[in-house]
2 protein chains.
Amino acid sequence: MSLPHAILGLLNYMPMTGYDLKKFFDDSIGFFWSAQMSQIYRELKNLEEKEYVSSEEEISTKGPNKRIYSVTNQGVSHLKELLTDVPENIDEDNRNAFLLRVMLLSNLGIEELYFQIQKRLKKYRKDLKALQSVEEKLQHYLQLTGKTETLIYWKITLNRGLHDVKSHIKWAEESLSELKKIKEEKK
Amino acid sequence: MSLPHAILGLLNYMPMTGYDLKKFFDDSIGFFWSAQMSQIYRELKNLEEKEYVSSEEEISTKGPNKRIYSVTNQGVSHLKELLTDVPENIDEDNRNAFLLRVMLLSNLGIEELYFQIQKRLKKYRKDLKALQSVEEKLQHYLQLTGKTETLIYWKITLNRGLHDVKSHIKWAEESLSELKKIKEEKK
DNA sequence: GAATTCATGTAACTTGTTACATGATTTA
DNA sequence: TAAATCATGTAACAAGTTACATGAATTC
């Protein structure tokens, strides 16, 4: 699963322009998959070449014309295939720049580590709020697409996000209290 | 923080060859940052050009020669700078291919989702075991480097991994039980 | 009147992945 | 003796990021 699959999947909910897709991305799956405009336009071009999507230009009297993309029959079959075959070696991209930082912060000392985790904790709490607003946005898209049966899939997806943020908060709090102990011992 | 920083940071623990680095990577930070041999060699070359590391060839009577890399003074300063300045817009790469799959699986139905999450749960349980073995490996490297003060940093890092896997397991179990309910309602 | 949003793209650059190439040593 | 490990790299390709470019409509 990668960017073109994400695009194909989102377009399958409803026909959209590249610009719409970007918004949909940011509003819904942004917390686990982001994409830049330049990437989206490039991938749309690739997908059209492979005939997984087709586009129509909507001439607009005011403002620039829109190019509306929709998934072709071939595109749907392709998507279903992708979803069916589960790769055996599910090695994910678990890159975590902050953890790398933590691991190497011994070069700067405990105080700095404490400070940076504290800052992080604030970010996680913001993330939590942001995620809670994703829930409303998803509701909105659900109505737009009219596909009520997808609710459970989106709920489960979103729930992963919530578990994730909460686990980060717990870890940060735990680490801070452990670091506090060490700091006090040193005195 | 990115690959060259990881390499610089690991080399700062002790001088190593590219090959050693790969092992260190896989044994320690592999659960949140992986790298391929070809990447490592390329980055070592880049780092040497920038004079953040220097290398010496160790002529070997048996087997191929080794090129041992160590961090220069400039490299250490650079590393400390990187660690000190915390970027304001900490937008991480949170890509999660499996979540993308879940989100789009409405195309195939509840049974398939249940099956795929079940499979995933097994993987998470394996991951948990693997992480527990990382703990031992880190102990080993700790002795090699002789830098006992880094223990707390590594423990906190590893702990994040444990929190992460556990949160995945909890989420999977929760989702499965919810899906089970829906499946039974349909009957 | 300035900034933001809508709307689409190109170009250059950086990073990551896959495949290929070589050859010695150690283990099963 | 075959496979795995040690050890180093190159080349081609794929994907992601950043910067640039254009221009209308809307909002502050």
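Computed from a predicted structure; not experimentally measured. In the text below, chain A, chain B and the rest are named by the order of the sequence lines, each starting its count at 1.
- OP1 and OP2 of C:dG9 both lie 4.0 Å or more from every side-chain N or O belonging to A:Y41.
- When each of C:dA7, C:dG16, D:dA7 is scored by its nearest atom to the side-chain atoms of B:L3, the top-ranked nucleotide is C:dG16.
- With respect to B:K183 and B:E111, a salt bridge is recorded, a charged nitrogen being found less than 4.0 Å from a carboxylate O.
- Across C:dG9, D:dA7, C:dC6, the shortest atom-to-atom separation from the side chain of A:R67 is found for C:dG9.
- Between B:R120 and B:H168, the side chains place no donor N or O within less than 3.5 Å of an acceptor N or O (distance only, hydrogens not considered).
- Among the nucleotides D:dA7, D:dG9, C:dC6, the one closest to any side-chain atom of A:K23 is C:dC6.
- As a whole-Å value, the separation of B:I40 CD1 from C:dT17 P is 11 Å.
- Counting to the nearest Å, the C1' atom of C:dC6 and the CE atom of A:M16 are 16 Å from each other.
- Between the CG atom of B:L21 and the P atom of D:dA7 there is a distance of 12 Å, rounded to whole Å.
- Take the nearest nucleotide of DNA chain C for A:I68 and for A:R42: the residue whose nucleotide is more 5' is A:I68.
- If you measure from atom CG of B:D27 to atom P of D:dT5, you get 13 Å, rounded to the nearest angstrom.
- Between the side chain of A:Y69 and the main chain of A:L21, no donor-acceptor pair closer than 3.5 Å is present.
- Rounded to an integer number of Å, the gap from CD1 of B:I7 to C1' of C:dT15 is 12 Å.
- Looking at B:W154 and A:M103, their side chains come closer than 4.5 Å, going by heavy atoms from C-beta outward.
- As a whole-Å value, the separation of B:E43 CD from D:dT10 P is 13 Å.
- Phosphate proximity of D:dA15 to A:Q39: absent, as no side-chain N or O sits under 4.0 Å from OP1 or OP2.
- In this structure, A:F24 and A:Y141 have parallel ring planes: the angle between them is below the 30° cut-off, well short of the 60° mark.
- Proximity note for B:R95 (side chain, C-beta onward) versus D:dT8, C:dA7, D:dG16: the nearest is D:dG16.
- Residue B:Q36 contributes atom CD, which lies 17 Å from atom P of D:dG9 at whole-angstrom precision.
- Across the protein-nucleic acid pair, A:Y19 atom OH and D:dT26 atom P stand 13 Å apart, rounded to whole Å.
- Comparing A:S38 and B:K45 against DNA chain D, the residue whose closest nucleotide sits nearer the 5' end is B:K45.
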